[in-house]
Amino acid sequence: MEVEGQATQPPKFALPVDSENKATVFRLFSVAAPHMRAFHLSWVSFFACFVSTFAAPPLLPIIRDNLNLTASDIGNAGIASVSGAVFARVAMGTACDLFGPRLASASLILLTAPAVYFTSIASSSTSFLLVRFFTGFSLSTFVSTQFWMSSMFSAPVVGTANGVAGGWGNLGGGATQLIMPLVFALILNIGAVKFTAWRIAFFIPALFQTLSAFAVLIFGKDLPDGNFRRLQKAGDKTKDKVSNVFFHGITNYRGWILALTYGYCFGVELTIDNIVAEYFYDRFDLKLHTAGMIAASFGLANIVSRPAGGVLSDVVAKRFGMRGRLWALWIVQTLGGVFCIILGRVGSLGASIVVMIVFSIFVQAACGLTFGVVPFVSRRSLGLISGMTGGGGNVGAVLTQLIFFKGSKYSKETGIMYMGVMIICCTLPICLIYFPQWGGMFCGPSSKIATEEDYYLSEWTSEEKEKGLHLASLKFADNSRRERGRKEDSETKPVDETPSTHV
């Protein structure tokens, strides 16, 4: 056995892997390099960025008095915090495809950290808007997180890995609702006045964000086999052209549909993160800390809800394949819209809290379910598709806040109700997603012979195939056969067994 192993020189990993050296199991409490270490680095760094981006909302009642902010100023700043990442997420996806998730994410985190520090010296509505705008760019690390997980984990567990990493990162949006009021109170108790205390408090998320970037750079690896740059120098990974990556990403209509639907699960989550503390504080006349704790419960649900969406995606795929993933996404996100409407209609504090928690579970699970589908849309342009989808989340947040929560046109409860209607409507296009080799929600696979190889190798020209540039896609196609589901796989297996020797 030793001699055979040395003949092929396979890399050794702590977790079982497939032909691409992606882990085929997900062990949450392991820190084994490189797979589980990448998982923990990705969610912690994304968590830090979420804490920084939404550090301001729980302290808004103090900040607005200090800076004399109007309702319109606050609305504009909230929109700015999520609009910056719209195009940054697409750029991040392309950067991941070209340079790897480790360097891309760490660079962005370090570039946006100064904006968090500068929040402490904001002196007007304009400067407050600007620091929130530039801090919001850090949310683009979500794309590198999902790209990293899709590069480290195989098809049977990629939904789970994406769901847990994204969910635990998003947890920062809830944790900051607790952290910032506590830090603020601690600084007050030390002796600072309240208009100074909120400024000092921002050094905590800024430092946390900075340290997480250095951890990613020092301890992370882009791929199971090593970092992009080393593999490219060794000739083990080809360097793709920006134009090719961009073309195959933007011409795949499935990516655009997922961007739209993600705008009304993750986009809604960002919107709630921006408005919920102030909503409970003003509507139910609560204390700042109490409103923060209630608001935190929305974001903190991510510890189980988004991971549950990823797990559900993988579970239904084992039996029903890609069609099961799509149906589960549509059902869960639609139910999220229903509970959002109910949240806008209930008038008591207790009922609002209960409905908000149920709503959070469904809308966050839909985020996890979305990224159970994304890794299979394109192999060559995985980063760009992830960026498009993630950017769609920010576009949804911007549009929702512009339409329903900017100024005083709608009360917040009315805006929440209409937001639920938007969720239901914007989830319907999922039924248009169709994979020739697997089918869609209402149709099975193409009547013509369609294989995973046909789908993923269509992204490569005959000249590129002659150079062997398509081999990674070929391995991915072979590993993604499970997306047929048990029934389809058993029906097509005799046909596939013979030609599969070309792989």
Side-chain angles (χ1 to χ4, degrees), residues 15-20 22-28 39 146-147 149-167 252 254-255 257-258 261-262 265 304-335 362 364-379 382 385-386 389 427 430-446 450-453 455-456 475-493 496:
L15 303 181
V17 297
D18 63 13
S19 59
E20 295 179 275
K22 294 181 180 180
T24 56
V25 297
F26 181 77
R27 295 174 182 165
L28 182 60
F39 161 75
Q146 301 298 283
F147 182 96
M149 295 304 93
S150 298
S151 301
M152 286 288 182
F153 293 92
S154 190
V157 294
V158 69
T160 302
N162 274 336
V164 179
N252 195 317
R254 301 166 191 85
I257 292 177
L258 290 170
T261 59
Y262 196 63
C265 55
V304 292
S305 55
R306 184 163 184 150
V311 172
L312 177 61
S313 185
D314 288 338
V315 169
V316 296
K318 288 180 182 178
R319 177 65 181 88
F320 303 104
M322 178 55 68
R323 299 181 70 187
R325 291 187 192 268
L326 295 172
W327 269 106
L329 172 57
W330 178 78
I331 292 170
V332 170
Q333 187 156 323
T334 299
L335 286 173
F362 279 95
Q364 291 162 7
C367 295
L369 283 155
T370 301
F371 275 84
V373 177
V374 166
F376 301 99
V377 172
S378 170
R379 174 62 179 81
L382 170 62
I385 294 293
S386 298
T389 307
T427 303
I430 292 173
C431 68
L432 301 177
I433 296 178
Y434 181 82
F435 292 89
Q437 70 276 33
W438 301 319
M441 282 177 62
F442 299 106
C443 304
S446 173
T451 66
E452 289 76 10
E453 286 82 359
Y455 181 79
Y456 291 111
K475 289 182 180 180
F476 182 80
D478 188 46
N479 291 323
S480 63
R481 291 178 188 274
R482 296 178 181 86
E483 295 305 306
R484 299 175 181 180
R486 288 180 186 172
K487 182 179 178 182
E488 288 80 359
D489 191 45
S490 63
E491 289 176 350
T492 58
K493 201 168 186 178
D496 282 354

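The first residue in the sequence is number 1, and the count goes up from there. Reckoned from all heavy atoms, side chains included, excluding hydrogens, waters and symmetry mates.
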Can you see which heavy atom on [X] is nearest to which on [Y], and at what distance?
X	Y	value
Ala450	Ser446	CB-CB, 4.3 Å
Ser386	Phe371	O-CZ, 4.1 Å
Leu15	Ala23	CD1-CB, 3.9 Å
Val332	Ala366	CG1-N, 3.9 Å
Ala165	Met149	CB-CG, 3.8 Å

With no hydrogens and no angle check, is any side-chain donor or acceptor of [X] less than 3.5 Å from a backbone partner on [Y]?
X	Y	result
Arg323	Gly440	yes
Asp314	Thr160	yes
Gln437	Glu452	no
Tyr434	Phe442	no

With heavy-atom distances below 4.5 Å as the criterion, would you say the side chains of [X] and [Y] are in contact?
X	Y	value
Phe153	Asn162	no
Asn479	Lys22	no
Ile433	Leu258	yes
Tyr455	Pro436	yes

With side-chain hydrogen bond (donor to acceptor under 3.5 Å, both in side chains) as the criterion, how do Asn252 and Ser378 come out once you've worked through the C-alpha distance, each side chain's angles and the decisive distance to 0.1 Å? CA-CA 8 Å; Asn252 195 317; Ser378 170; 5.3 Å; no

Please work out whether the ring planes of Phe435 and Trp438 are parallel, tilted or perpendicular, with thresholds of 30° and 60°. tilted

Should the ring pair Phe476 and Tyr456 be called parallel, tilted or perpendicular, given that the plane angle runs from 0 to 90° and is split at 30 and 60? perpendicular

Under the side chain to side chain contact (heavy atoms under 4.5 Å, CB included) rule, collect the residues that match up with Val315, sequence neighbours excluded. Val311

Under the side chain to side chain contact (heavy atoms under 4.5 Å, CB included) rule, collect the residues that match up with Ser313, sequence neighbours excluded. Arg325, Leu369

Does one side chain, of Thr427 or Gln333, offer a donor that lies under 3.5 Å from an acceptor on the other? yes

Run the ring-centre check on Phe39 versus Phe26 and record whether the distance is less than 6.0 Å. yes

